[in-house]
Protein chains: 2
Amino acid sequence: MNRPTITDLARMLQLNASTVSRALNDHPDVSPETKKRVNELARELGYTPNQLAVNLRKRHSGLIALLVSEMNMFFNPSVFRAIEEEIHANGYNLIILQANNTLSRETQNVQICRQLAVEGVLVSLSAEAQNLDHFATLLDQKVPVVFFDRVLPQDHSCSVTVDDLEITRQAVDHLLKKGHRRIGGLFGDPKLSITRERLIGFRETLSNAGIPFDPQLAMYAQNSEEGSHCALELVEKHQVSALFAMSDELMVGAVQALETTKKKIPEELAIIAISDGFAPEFYNPKITHIRHSGYQVGQHAAQLLLDVIRGTIKKPLQEKLACQLVELGSV
Amino acid sequence: MNRPTITDLARMLQLNASTVSRALNDHPDVSPETKKRVNELARELGYTPNQLAVNLRKRHSGLIALLVSEMNMFFNPSVFRAIEEEIHANGYNLIILQANNTLSRETQNVQICRQLAVEGVLVSLSAEAQNLDHFATLLDQKVPVVFFDRVLPQDHSCSVTVDDLEITRQAVDHLLKKGHRRIGGLFGDPKLSITRERLIGFRETLSNAGIPFDPQLAMYAQNSEEGSHCALELVEKHQVSALFAMSDELMVGAVQALETTKKKIPEELAIIAISDGFAPEFYNPKITHIRHSGYQVGQHAAQLLLDVIRGTIKKPLQEKLACQLVELGSV
DNA sequence: AACCTTTGTGCAAACGTTTGCTGTGGAAAA
DNA sequence: TTTTCCACAGCAAACGTTTGCACAAAGGTT
């Protein structure tokens, strides 16, 4: 026989489908004896409910979508892992949609969420997104949405981020404390709010220390290769004594470049990064960093989303996670 | 109004739901004029079909599941990206389930696939899986399944892998060609078939070159930290002149450790790895490797699965991808 | 003895589509 | 004119569940 349905069970047991359904769901209205008969036959036939029918009837899908701007080896794996674990532990399943950093794919992904009737959405925005217009269809329908990591700066939706100003301050302060006065900064895509925020933190921390901001010492790089070039320029042309990298990717590029120079880390050049904590272990000396845990971000975002779905949380909540300095050999 | 349904459209247009459905699906039985009216109203109201209902009616979910043993920064991101792109381009959506390398979670994930009525499954087996018994429910129902990367050695299901013997031979041959005779090997979890195969390749290549296999020179390490320890032992205690690492993770561990020694790469110590190609760029000199593209593996696996779903392929097919030597500075 | 409550079950509708079949009006063919 | 055919639209069933309601039998309360 094909996959047995509830109706099949009902026919075989001389019961009504509704009774079988209630028995399987342990409804109090049905007698223990009937429940036993039903469950035994169900087990025997290997019955499992047709989730498609359940979904339609219950008008939900049991699905949570993760919208991510791109697949990135430095941040995503731990975020994915945390989210998958949290979602799964609560009986949902995770569907992943990537946007390739384009607004059009992101918009399309939002439509998919709507069509699939996902019950919640976790979003790390693509660089092109400068507003949330393309999320209107979801937000209008009151589909719970939690933004994380890459968010809009002045937005009042639920979100989980780190305090970019603060962590950059921590990093730069650490360099200042070690006596560095000429500090170069490597920054990512300026379209991203995390980039802008971190740059502000960088400037302000220097200003507060009485060091005038030199625009030449803050460079933008889109990937590790560009990070390498910028790092070389900062070190060789602008003679910085310390480098700040706002991400793992840029840090890796920088260290790779610096290994070509004769400069010893940390004696001749200090380096600090904002990092998930894995890449800093690749080197010797290990790279001092502000630990920005992707796992933690993912976990908190998922928990927040689940709270919103449950209705535990009524008002939008913006959560800012704390980060800690992990002092290793590079500074 | 809530989300409009096909029935709503029908009522507003004084049509039958079936006609509206056909109009939306561009069925030849409905007049161009009616199609126009329907489509206009649909656009106006922002109608999108309720996928839950479509799924139930059509008895499919549009979902493809990716079962992965764990989230790993070295291999997964590019695999995920390739699979997501391929799947999405063909109108399916991707749900991701991780097994935490346990058989129990993997079994559970198989059940989820069945319940959700996924239309195809891509699997990278967890280390604990020594047979496919737990896939019986899927295979019995003729759900298309393609295994990739981590597969069972003697299995006749569809799969996409690399030729482990061959790529290890390439790597070791390269070291031999450079004059190395005392070569250490770093290997991963011995429960995995890729580990066993690569170890065999390692031994045989050495044997063929007239070098008796020394078991002390082939070490198992589960992660990069253990890789570091093993690398140090091989270099300092066993005085190898070259290292082979069967994965990025072990390579990274090894290089990190070697940077603590005074040994110059490649003059005093050569190193080669099997790698996705990213991590070798982190270092200077860059690490020579056999390029095992996760993107390519994912892409081929997804394409194969789609072919099986379409019925284009009748017999199980085991695809073995070729890999190329990327010679950089480390050898 | 009449009434109410409880316990267990069945009936039927609903979730929103898709699709085989039936039917109608009009044009083309005989 | 009659027959045939086609283009178009509607009817109703189906996908497999869940759930409000009705109802019968049994037990308990006045």
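Within every chain, numbering begins at 1; the chains are lettered A, B, ... in the order of the sequence lines, protein sequences first and strands thereafter.
- If you measure from atom CZ of A/Arg11 to atom P of C/dG10, you get 15 Å, rounded to the nearest angstrom.
- When the side-chain nitrogen and oxygen atoms of A/Thr34 are compared with OP1 and OP2 of C/dT9, one or more of them lie within a distance under 4.0 Å.
- At whole-Å resolution of the value, CG in A/Asn50 and P in C/dC15 are 18 Å apart.
- Between B/His27 atom NE2 and D/dA7 atom P the separation is 12 Å, expressed in whole Å.
- The side chain of B/Tyr47 contributes no N or O atom lying less than 4.0 Å from OP1 or OP2 of C/dG16.
- At a threshold of 4.0 angstrom between heavy atoms, the contacts of B/Ile6 are confined to the sugar-phosphate backbone, with no base atom among them.
- Using a 4.0 Å heavy-atom distance criterion, A/Leu15 is classed as a sugar-phosphate-only contact.
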For nucleotides 4-6 of chain D, list the nitrogen or oxygen atoms of the protein found under 3.5 Å from its nitrogen or oxygen atoms, one pair per line.
none

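- Not a single side-chain hydrogen bond (donor to acceptor under 3.5 Å, both in side chains) links A/Asn131 to another residue, sequence neighbours left out.
- To the nearest 0.5 Å, atoms CG (B/Leu67) and CG (B/Leu97) are separated by 5.5 Å.
- Atom CD in A/Glu33 sits roughly 8 Å away from atom P in C/dT9 (whole-Å rounding).
- In this structure, the side-chain contact (heavy atoms from CB on, under 4.5 Å) partners of B/Ala42, at least two apart in sequence or on a different chain, are B/Leu9, B/Leu24, B/Tyr47.
- Among residues at least two apart or in separate chains, side chain to side chain donor-acceptor pair (under 3.5 Å) pairs with a member in residues 139-150 of chain A are A/Ser69-A/Arg150.
- No side-chain donor-acceptor contact under 3.5 Å links B/Glu70 to the backbone of B/Asn101.
- Distances shorter than 4.0 Å separate some side-chain N or O of A/Ser31 from OP1 or OP2 on C/dT9.
- In terms of position on DNA chain C, the residue among B/Leu56 and A/Val30 whose nearest nucleotide sits closer to the 5' end is A/Val30.
- A/Gln115 places no side-chain N or O within donor-acceptor distance of the main-chain N or O of B/Asn50, the cut-off being under 3.5 Å.
- Between A/His292 and A/Phe75, the ring-plane angle classifies as tilted under the 30° and 60° cut-offs.
- Straight-line distance from the CG atom of A/Leu24 to the P atom of D/dT17: 9 Å, rounded to whole Å.
- Using modelled atom types, one side-chain atom of A/Asp8 and one backbone atom of A/Thr5 make a donor-acceptor pair closer than 3.5 Å.
- Shown here are the side-chain hydrogen bond (donor to acceptor under 3.5 Å, both in side chains) partners of B/Asp276, two or more places apart in sequence or in another chain: B/Ser78.
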Annotated protein contacts, base or backbone, on nucleotides 19-24 of chain C with a non-hydrogen cut-off under 4.0 Å, one of B, S, - each
BB----
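- Rounded to whole Å, atom P of C/dG16 lies 14 Å from atom NE2 of A/His60.
- Counting non-hydrogen atoms under 4.0 angstrom, A/Gln14 reaches the backbone sugars and phosphates but no base.
- In this structure a side-chain-to-backbone donor-acceptor pair under 3.5 Å is present from A/Thr107 to A/Leu103.
- Straight-line distance from the CG atom of B/Asn55 to the C1' atom of D/dT17: 15 Å, rounded to whole Å.
- With rounding to whole Å, A/Arg59 atom CZ is found 16 Å from D/dG16 atom C1'.
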